[in-house]
Amino acid sequence: MLNLRTCAAKLRPLTASQTVKTISQHRPAARRTFQQIRCYSAPVAAEPFLSGTSSNYVEEMYYAWLENPKSVHKSWDIFFRNANAGAAPGTAYQSPPPLSTSLSMLSQAQFLVQAQPNVDKLVEDHLAVQSLIRAYQVRGHHIAKLDPLGISCVNFDDAPVTVSPNVDLAVFKERLRVLTVGGFYGLDESDLDKVFHLPTTTFIGGNESALPLREIIRRLEMAYCQHIGVEFMFINDLEQCQWIRQKFETPGIMQFTNEEKRTLLARLVRSTRFEEFLHRKWSSEKRFGLEGCEVLIPALKTIIDKSSEKGVDYVIMGMPHRGRLNVLANVIRKELEQIFCQFDSKLEAADEGSGDVKYHLGMYHRRINRVTDRNITLSLVANPSHLEAADPVVQGKTKAEQFYCGDTEGKKVMSILLHGDAAFAGQGIVYETFHLSDLPSYTTHGTVHVVVNNQIGFTTDPRMARSSPYPTDVARVVNAPIFHVNADDPEAVVYVCNVAAEWRSTFHKDVVVDLVCYRRNGHNEMDEPMFTQPLMYKQIRKQKPVLQKYAELLISQGVVNQPEYEEEIAKYDKICEEAHARSKDEKILHIKHWLDSPWPGFFTLDGQPRSMTCPSTGLNEEDLTHIGQVASSVPVEDFTIHGGLSRILKTRGEMVKNRTVDWALAEYMAFGSLLKEGIHIRLSGQDVERGTFSHRHHVLHDQNVDKRTCIPMNHLWPNQAPYTVCNSSLSEYGVLGFELGFAMASPNALVLWEAQFGDFHNTAQCIIDQFICPGQAKWVRQNGIVLLLPHGMEGMGPEHSSARPERFLQMCNDDPDVFPKLDDFDVRQLYDCNWIVVNCSTPANFFHVLRRQILLPFRKPLIIFTPKSLLRHPEARSGFDDMLPGTHFLRIIPDSGPAAQSPEQVKRVLFCTGKVYYDLTRERKARQMEADVAITRVEQLSPFPFDLLQREAQKYPAAELVWCQEEHKNQGYYDYVKPRLRTTINRAKPVWYAGREPAAAPATGNKKTHLTELQRLLDTAFNLDAFKDLA
Ligand SMILES: Cc1ncc(C[n+]2csc(CCOP(=O)(O)OP(=O)(O)O)c2C)c(N)n1
Ligand SMILES: [Mg+2]
């Protein structure tokens, strides 16, 4: 039995210790993932017949036998009994008993094989039929008629053969050459009318357990080789495979009532006539129409209807340009006049900011689903041009909505992601997003992906755009089934969409619907496609629109008649015309009407902050002490932590007793206090639970019990908000996008993403450039996400050093040459900026800036350059006194030593930010220049503290002003700070530079060079003659 068990184990994800009995008694429930348990210790059978494809057959027989030993041929029964009893490899097989008894069960089925004395031939033929069925299941999609144009660009080694389901063996032999390597497995003409027992892995029999070969082939053709191509046999879960087989193989399963057909036609009318209407009215406007894939609208509506029927009441969608207006109009049901008025170039913008083009804007709409009569909220997330960038954002928002409504299994909230074929295959973010799909803190419990596969990307053919046969192959990495469907067969599309929605609600896993269609026009309506795809477009010109085809079909079936059809068209055209007339009254464009994530109650009715003040971010002593004590303890019983960690916690405890905090404790205090106030906190990123620098330790691990963990932060207060801290996958683009999406859902959460080292954020640049920096300006949508970016020149080499502050600062929207006319810089300046950039030099300031993020009456992204060596620097500590009620975040920290006592004596003011401050004070002390040189720390770089720095500069009238940084001159803060500092002093003095020379790389890889450079910049900073010759 060992051999068979091994064989079965290789095919099923079971632990090695699970017994055969367990397997038979408890077929595993729906598995969400393939457990990576290796079971390869024993050699596979030495049974003479157990090899290659026959092992599949044996596996089938084996499972059938486990369930009911009588369901298999007697010879198998004996074999499995012997094997189970421990027969040695090669000895379990015994000649079978006479056929007459073994086939008694199948007596009604005219078993021609009964007459056949040759049992070997019987087994062989059944093996052949089994293999044949499997071949259809695995490769049937290769020959399905998926391409409405019939010019399939899918490039398989073996060209598809067009065969009608009239079973003619000669033709089928050719067809099977495509499906199988070994041709027809030895079956011949004479076998066509023989009846074969069907294995348990097929449903083509319906109620019958045996069928003639001819009928088997015909039914497989119907299931796998028509307008639907099902790719699923790679899925590592038998139950899921069975589920899919049942959905596509069961005879007659794809039936539609006349009512359903009429609904489908009506939806096609809307989809088609909407594009035609836009084309008639604005023929020279870009709209990225849906022509060639009009079926997308009924497809999406089907997914939504079915999901609503299964209990979903909130669907969050992300999609690219193609068909977006149509989706807004006909799926989300945005008022048509709101869409039409966007085509009016005279419309005035009502909102601040840049706004965005009409096919990027988002939407949020709550309505009744007419099919299920249930409430449904639909939201389409606004997105940039950057294809697929919105994918993780949608997922993050979905996760957040699930989290806030306690939907732990994704039963109420779901996401649908739409993709273009070229982008789905080409953009790496698709892969990153798929890999979040089953991670505990990132799963949205299944996403339905719909690919508008028009077989072209702008002007590029699939052959040049991807190295895989389908654009959807990326989905295979997460075992998502892929349903390819010919978009010119609307019923096949709707069927597949129903199955996809059911799949999601059954298994809570991703699924892909690949709508194989075409693009009737060029990339946009202005583009000439014949330049580059002449033959394809000759074919497209001949293509009857899908609406016309389907209407003709339904008319021929008597489901509708011509006048009814025309009436449906006229009805919708009238709706469009009336909306168009109304749209002319719109004079102002309100982007607010296109908001995808409203925050009810957070703003006033007209969208303004409820106040323009921020309370003190300080905290009372008791709370500080309490949080500190929990942070330095293990708040559960019988939990053994690592000895090294005990020491860390002990040190924390001592700090608390001494009323001081380091960085990790300051973060704890900020998080812990916000949790008390009901603010959910989510910290995500690579290795954040411990902290890259082993300073955080927010998740404690029991040293004796596997996977037993404790998060003390969740043991702080009786009714506290939950704290989520999660190590992410090794992705920046995907994870940052996800967290941004999470932060979109609610203003009452502090969502933080930490880069492992600050420079790694550049692989997420698109999320920063397209969403975080301009999000509010483009989409009037605020977002309070926090980026923690470890930064600092510490001799670690060109990477791991710079979080590239220059890039963030360059994208700040404050004017370097204008001193802002504001009464209140503290809050108003923050309200006006696009994001906040800080580099704190003390733990207390870090604590305050985190708390301020939530206590502000609006939300702005916050970029924090965080320290590495300062995490343990004995001087980088703060006292509780700096965190008590009444204290607040310090935008600058002025000098408080001898220089500040006699400011008129001061010869130089060094302005700096972050860690270099500690190098500068040490050097100043060593040189005994504390009365000559003042050091001012700029903690908030942007928005720039013009007001405070002006005062600071005025305080030292005789001093030279120097900006000092450890970064290279063309990097860091200098280019940002210099013009602004000059503005604060009315350009009365120069602002000198002390720092590293310009360079291409952020830092040297040589430790000695690093130290030499550091010493040189310190020399410049304290050499009072350094700029004499330059003045
Ligand atoms: C990341 C990114 N790169 C390039 C582009 C420019 N671009 C816009 S549409 C397009 C083709 C997209 O093809 P596909 O995904 O098949 O969608 P289709 O337009 O065919 O619906 C390209 C390359 C883009 N928008 N985003
Ligand atoms: Mg395309």
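Each ligand, and each atom within it, is numbered from 1 in the order the structure gives.
Not counting sequence neighbours, A422 has no partner by the side-chain contact (heavy atoms from CB on, under 4.5 Å) test. For D391, the side chain to side chain donor-acceptor pair (under 3.5 Å) test picks out no residue, with sequence neighbours left out.
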Which is it for N521 and R287 under the side chain to side chain donor-acceptor pair (under 3.5 Å) test, yes or no, and what are the steps along the way? CA-CA 11 Å; N521 302 317; R287 69 191 145 85; over 6 Å; no
Walk me through it: do F424 and E388 pass the test side chain to side chain contact (heavy atoms under 4.5 Å, CB included)? CA-CA 7 Å; F424 198 49; E388 307 291 348; 4.2 Å; yes
Using the rule given for side chain to side chain contact (heavy atoms under 4.5 Å, CB included), can you reason through L300 versus L418, listing the C-alpha separation, both sets of side-chain angles and the distance that settles it, and then say yes or no? CA-CA 10 Å; L300 291 176; L418 279 79; 3.9 Å; yes
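Side chain of H435 to main chain of E432: no donor-acceptor pair is present (N/O by atom type, distance under 3.5 Å, no hydrogens or angles). Using a distance-only test at 3.5 Å, with no hydrogens or angles considered, a donor-acceptor pair links the side chain of S583 to the main chain of H580.
The only member of L862, L787, N834, N783 that meets side-chain contact (heavy atoms from CB on, under 4.5 Å) when paired with I772 is L787. F248 pairs in a ring pair (Phe, Tyr, Trp, His ring centres under 6.0 Å) with only one of the listed residues (F483, Y224, F232), which is F483.
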Identify all pairs of nitrogen or oxygen atoms, one from ligand 1 and one from the protein, separated by less than 3.5 Å, and list them with distances.
residue	atom	partner	partner atom	Å
ligand 1	15 (O)	A422	N	3.4
ligand 1	15 (O)	A423	N	2.9
ligand 1	16 (O)	D421	N	3.3
ligand 1	16 (O)	D421	OD1	2.5
ligand 1	16 (O)	A422	N	2.9
ligand 1	16 (O)	I456	O	3.0
ligand 1	19 (O)	H321	NE2	3.0
ligand 1	19 (O)	R322	NH2	2.8
ligand 1	20 (O)	N454	OD1	3.0
ligand 1	20 (O)	N454	ND2	2.9
ligand 1	20 (O)	I456	O	3.0
ligand 1	21 (O)	R322	NE	2.8
ligand 1	21 (O)	N454	ND2	3.3
ligand 1	25 (N)	S385	O	2.9
ligand 1	26 (N)	L387	N	3.1

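Take the Mg ion (ligand 2) and draw a sphere of radius 2.8 Å; the protein N/O/S atoms inside it number 3.
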